[in-house]
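In what follows, a single structure is set out as structure tokens and then discussed.
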Amino acid sequence: MRSAIGNLAREVGGAVAPTVALSLFGLIAAGGVAFDYARMAAMDTELQNAADQAALAAASQLDGETGACARAASAAANMVSHSTLFANDSGGIAINVQNESACDATGRVRFWQDIGKTTPASNDSNAKFVEVEVDPRTARFALTPVVGALSSGPMTGIAFAGLDSAICKVPPLMLCNPAESSDPDFTIANYIGKGIRLVANDGGGIYGPGNFGFLDTGAGNGAATLRMVLGRSNVPGDCASGDGVTTQTGSIITVRDALNARFDVFDQGLNQACGATGSLCPPSLNTRKDLVQKGGACGFATGNGAGWKEAGNVYPGLLNLPGSTSAQTPHALSSAEMTPADLAPMGYPRDICHAFGTNNNTGSCSPVSGGVGSRVGDGNWDRFAYFRSNPAEYPTITTVSAMNQFLATTFGTTTPSRYRVYAWEMANAADRLHTNIPAGSGVTVSGQPVCSPPGLMPSTTQTDRRVISAAVVNCTAEDVGGHTIGVHVTKWIDMFLVEPSVPRMRTENSDVYIEVIGQTQNATDEGAVQLVKKSVPYLIE
């Protein structure tokens, strides 16, 4: 017995057992910490991924239109289904986002006007960025507390996103917001159907409300490049950012000539931009305008020269041309001026307040609140005179009730816009667009091209040649002048070119008269279409 006890006392084979027993507690604790931390980290990734996707979904709806904030919040909450496999707080596997539609910077769906999150959004039009925070979840520790805690505590994911747009293959025009101080968001509904006299800034100096200029689209510098991108049907150059653009200087007069090619008016100096025959700059199928052709020449002429001439020089009795101070309202059908002897085919006229009045530069239009001069009209153009003065295309109507009935039946309204009439005439070209020579006049009046026929009809691969997009910019706030980089675009709008840009009363030969159609819309496929807007949401943080 004494020997056995002695042998046991001298035995060293199990000497590490106590050490192992003591260290086992630490090993189990370390493993537990690693397991629970991995669960917590994995859940954090799940929450952040959910926040990222929700923010991207929300940002995709920030188009500035009515209901943008509500659509964004709904998209964040419902567009993508999020789940967690690592939360074990008895809340199920769903990761939820609250549907908060208010355009403000409170709650878990927060809207901002700027990328720095210094100015909360206050309405749909100025909500440019969105921050989304998902509902918090908890990971309860399974094996051991971590620094005395039994769970991770509430954890959440937060993401911040915006919408970046690109306008591709477009003529590079920029319009200074004519009412920047009173309507910095350029509320589209206030302008649709109204005529605007765009005044050129041809010196590269500071731009003011109502001026227009050009953008850099990456096709090159100088007037020669601008003539190409303004005149050609296949526009060269890259996409322009839908938000930050670069302005470009150019010789307005020579650039204007390329724009007039869309009206079938081909002045000198367009060979490089449009080709020797003008085939690269085809006109619209509908070239109705306030010019008539004399002598067969295709450029603009003054005096007795041959070429396109202001219609009033050939037909002194033509209605609604700028310069009169006596007519402030649409002509009555019984007016002496509305007799066939005094009527001649006319182009789409300006708003009446731009055509008539004592102000030699702007007519009698009321200044836009907070704007400049009276460059924005009221959309009231002399429809009666237009339809009566084109007897080859329209029936002779002698009473107001009959004219209103004709308008309502044809256009669904008694006050159609010029663009609506233009598009309807184009769609019914065989009956509504003719080329004729009024008896004894020696001039050609054309509703369709005579210099570069047959003209282009808009299609899925060809945009309308008399519809042009422009970036609306708050030029004063953006300090735009000459070559300015990173200019914020308030809106991209579509404009109808009402008349060619030529020297006439109340219009410099570098000015452009347009009618606002509406905001530039998204397109699903670029194809060969000249005008495409692409909007892509992107994560900021």
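Start at 1 with the first residue, then count along the sequence. Only this structure's heavy atoms are used, side chains among them; waters, hydrogens and symmetry mates stay out.
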Assess the side chains of Ser125 and Asn123: does a donor N or O sit below 3.5 Å from an acceptor N or O? yes

Aromatic ring pairing Tyr422/Tyr348, orientation class (parallel under 30°, perpendicular over 60°, tilted between): perpendicular

Any chance the rings of Phe111 and Phe129 have centres within less than 6.0 Å? no

Assess the side chains of Asp264 and Thr287: does a donor N or O sit below 3.5 Å from an acceptor N or O? no

In sequence, state the C-alpha distance, the side-chain angles, and the governing distance for Ile517 and Met495, and then conclude on side-chain contact (heavy atoms from CB on, under 4.5 Å). CA-CA 5 Å; Ile517 298 174; Met495 309 182 303; 5.8 Å; no

If I take atom CZ from residue Arg465 and atom CG from residue Leu259, how far apart are they, to the nearest 0.5 angstrom? 9.0 Å

Sole candidate of Arg288, Arg432, Gln448 that passes side-chain hydrogen bond (donor to acceptor under 3.5 Å, both in side chains) when paired with Glu425: Arg288

Separation between CG of Asn380 and CD1 of Ile352, rounded to the nearest 0.5 Å: 4.5 Å

CD1 of Ile468 to CD1 of Ile493: how many Å apart, nearest 0.5 Å? 10.5 Å

State the CZ-CZ distance between Phe411 and Arg420, to the nearest 0.5 angstrom. 8.0 Å

Is there a side-chain contact between Trp381 and Arg350, using heavy atoms and a 4.5 Å cut-off? no

Charged tip of Lys289 within 45° of Trp308 ring normal and under 6.0 Å: yes

